[in-house]
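Please read all numbers here as calculations on a predicted model, not as lab measurements. Convention: sequence-line order gives letters A, B, ...; per-chain numbering from 1.
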Protein chains: 2
Amino acid sequence: MTKALERREKLRVDLIQAAEGMIAERGLAGLKTRDLAREIGCANGAVYNLVADVDELVLLVGSRTLHRLDKALSAAESADAPSPQETLVRIAIAYCDFAAENLELWRALFEHRMAADKILPDWSVNDQLQLFRHIYQPLAQLLPKRSQEQFGITARSLFSAVHGMVALGLEQKLVAVPLPALRKEIANLVRAMIDGLVAREVKMIGGG
Amino acid sequence: MTKALERREKLRVDLIQAAEGMIAERGLAGLKTRDLAREIGCANGAVYNLVADVDELVLLVGSRTLHRLDKALSAAESADAPSPQETLVRIAIAYCDFAAENLELWRALFEHRMAADKILPDWSVNDQLQLFRHIYQPLAQLLPKRSQEQFGITARSLFSAVHGMVALGLEQKLVAVPLPALRKEIANLVRAMIDGLVAREVKMIGGG
DNA sequence: AATTTTTATTGAACGATGTTCAAGGTTCCT
DNA sequence: AGGAACCTTGAACATCGTTCAATAAAAATT
C-alpha cells in the first residue's frame with residue numbers, strides 16, 4: 001500500500017516542481033503536458049493520475065508562488081523601519097522586487113483563467129486573501145479612525161494601486177521602465193498616497 | 001482590379017467586427033478562426049487572406065478598443081469639473097466604467113501576449129501611449145514645478161495605480177467588489193494621491 | 001469574344017495540444 | 001502463489017492555428 005503511493009507522491013511533487021520551472025522559463029503558455037511527462041519520466045497520460053487537469057496544476061504552482069510572495073512581504077513587514085509609512089513603502093518595493101525576480105510565475109497568478117464552469121477551490125481563494133493582511137498593521141497605525149470595513153477596502157485599494165504600477169511597469173509592450181526607476185517611483189507614490197490618506201482622515205469626521 | 005479588392009476589404013471589416021463581438025461575448029480565449037469564418041461566410045483558410053494571423057486580428061480589435069477608450073477618457077477630460085483634481089477623478093472613474101462596460105475587450109488588451117519573436121507594429125505602440133496624455137493637462141496644473149521627465153513618470157504612475165484598482169476590483173477570482181463601491185473607492189484614492197503629490201511638490205525643492 | 005495569365009478562394013491536411021481510456025503491468029492481501 | 005485491486009501506459013480523440021495544392025474567379029491580352 002505504501003510503495004505505490006510513495007511513488008505517486010514523489011511524482012506529484014516532481015510534477016509541480018517541473019511545472020513551476022517550466023512556467024518560470026517559458027511562461028504560462030509554455031506549459032505543456034508532454035514536456036512535463038518527459039521531464040519527470042512518465043507517460044503523458046500519467047499526468048492525469050497526479051493532477052485532475054492543467055488548471056489544477058497551475059493553481060498548485062500559483063499557491064507556491066503566493067506563499068513565497070507571502071514570505072517576501074513578511075520579511076519587509078517585520079524589518080524595522082523608521083515609521084509605519086516606511087514599512088508600507090518597503091512592502092510595496094518588496095512586492096515589486098518579487099514580481100521582477102519571479103516575472104513569469106508572478107504573471108501566471110493573474111493571467112490564468114479557469115474555465116467559467118469550474119469553481120476554484122477554497123484553499124486557493126484563501127491563499128490570495130492572505131496577501132492583503134500584510135499591510136493591515138502599519139496601515140492601522142496610520143488610519144486609526146476608520147471602521148473595520150472601510151479599513152479593509154482601503155488596504156485593498158492601496159495594494160491594488162501598487163500592483164498596477166508593478167504590472168504596467170514590468171510590461172514590455174510599452175516602453176520598458178528600468179527597475180531602479182520603477183522602485184523609486186513606487187516609493188514616491190506610496191508615500192504620497194499615505195500622506196493624502198492621512199490628511200483626509202484628519203479632515204473628515206465620518207469618512208466616505 | 002476593383003471587384004476583388006472591394007470584396008476583400010468588406011470581408012476584412014466584417015472579420016474584425018466579428019472578432020470584436022466574439023471576444024466581447026466569450027473572452028479572448030473564445031476567439032476561434034473557424035467560428036469567425038462561418039460568421040462572415042468564408043472558408044476557414046480564407047481568414048489568412050484577410051489577416052496575417054490571429055495575433056494581428058487581436059491587435060486590430062485592440063486598436064478599436066483603445067480608440068473607444070480614448071474617446072471615453074476625452075469626454076471625461078473635457079467635461080467641466082470644478083478643479084483639475086476633480087477632472088482627474090472623473091477620468092479615473094471613466095476608465096473604471098469603460099472597463100466594466102467592455103470587460104472582455106478591455107481584458108484582452110492586457111491578456112494578449114504575442115509570440116516572443118514577433119514585434120508589435122508601431123501603430124499599436126502608438127495607440128497605447130496615447131492613453132497617458134489624457135491626464136497630462138490637469139496634472140500639469142497641479143504639479144507645475146516638475147520637469148518634463150518627472151512629470152511623464154508621475155502621469156504614468158497615477159494611471160497605473162488606477163489601472164491596478166480597476167484590474168483587481170473587477171477580477172472575479174477574489175471577492176467581487178460591487179461597481180458603485182469600486183467607483184467610490186477609486187475617487188477616494190485618486191484624491192488622496194493627488195493631495196499627497198501636491199503636498200510633496202511643495203515640500204521638495206528639486207524633486208526626487 | 002476567346003484565350004491566356006494572374007490572382008483569390010477553398011477545404012483538406014498537418015502538427016500541436018489537452019484529455020480520455022482500454023489494455024496490460026504492478027502491487028498488495030490472504 | 002494467486003487473485004483482486006490498483007496503476008501506468010501510449011494510442012486515439014477532439015480541437016486548435018496554420019499551410020498549401022487544387023480549383024475557381026478575375027484580369028489582361030489577343
Asks: In this structure, how many angstroms lie between the C1' atom of C:dA8 and the CG atom of B:Leu11, rounded?
Replies: 11 Å
Asks: Taking CZ from B:Arg38 and C1' from C:dG11, how many angstroms apart are they, rounded to a whole number?
Replies: 14 Å
Asks: Whole angstroms only, please: what is the NZ-P distance between B:Lys118 and D:dT18?
Replies: 6 Å
Asks: In whole angstrom, what separates A:Arg113's CZ from C:dG18's P?
Replies: 19 Å
Asks: I'd like to know if A:Arg191 pairs up with A:Asp195 as an ion pair, taking the criterion as any Lys NZ or Arg NE/NH1/NH2 lying under 4.0 Å from an Asp or Glu carboxylate oxygen.
Replies: no
Asks: What do you reckon, is CD of A:Gln137 surrounded by more than 12 foreign heavy atoms closer than 6.0 Å?
Replies: no
Asks: Could you walk me through whether A:Arg113 and B:Glu104 satisfy the salt bridge (charged side-chain N to carboxylate O under 4.0 Å, His left out) test, starting with their C-alpha distance in whole Å, then the side-chain angles of each, then the deciding distance to 0.1 Å, before giving a yes or no?
Replies: CA-CA 12 Å; A:Arg113 297 231 176 279; B:Glu104 293 297 344; 5.9 Å; no
Asks: Expressed in angstrom and rounded to an integer, what is the separation of B:Lys32 atom NZ from C:dT17 atom P?
Replies: 16 Å
Asks: Nearest whole angstrom, please: distance from the C1' of D:dA26 to the CZ of B:Arg8.
Replies: 14 Å
Asks: Rounded to the Å, how far apart are B:Leu36 CG and C:dT9 P?
Replies: 17 Å
Asks: Does a side-chain N or O of B:Arg34 approach OP1 or OP2 of C:dG11 to a distance below 4.0 Å, or not?
Replies: no
Asks: How close or far is atom C1' of C:dT9 from atom CG of B:Asp14, stated in whole angstroms?
Replies: 16 Å
Asks: Of the options C:dG18, D:dG17, C:dT9, whose atoms approach the side-chain atoms of B:Arg7 most closely?
Replies: C:dT9
Asks: I'd like to know whether the aromatic ring centres of B:Tyr95 and B:His134 sit less than 6.0 Å apart in this structure.
Replies: no
Asks: Should B:Pro84 and B:Leu139 count as side-chain neighbours, where that means a heavy-atom distance under 4.5 Å?
Replies: no
Asks: Check this for me, if you would: do B:Glu77 and B:Arg90 make a salt bridge, where the nitrogen-to-carboxylate-oxygen distance has to be below 4.0 angstrom?
Replies: no
Asks: Establish, from distance only, whether the side-chain atoms of A:Asn102 and A:Arg68 form a donor-acceptor pair under 3.5 Å.
Replies: yes
Asks: Give the residues of residues 46-59 of chain A touching DNA chain C, defined as any heavy atom closer than 4.0 Å, sorted by residue number.
Replies: A:Tyr48, A:Asp53, A:Val54
Asks: On the side chain of B:Asn44, is there an atom forming a donor-acceptor pair with the base of C:dT10 - under 3.5 Å, no angle test?
Replies: no
Asks: Among C:dT9, C:dG11, D:dG10, which is the nearest nucleotide to the side chain of B:Ala43?
Replies: C:dG11
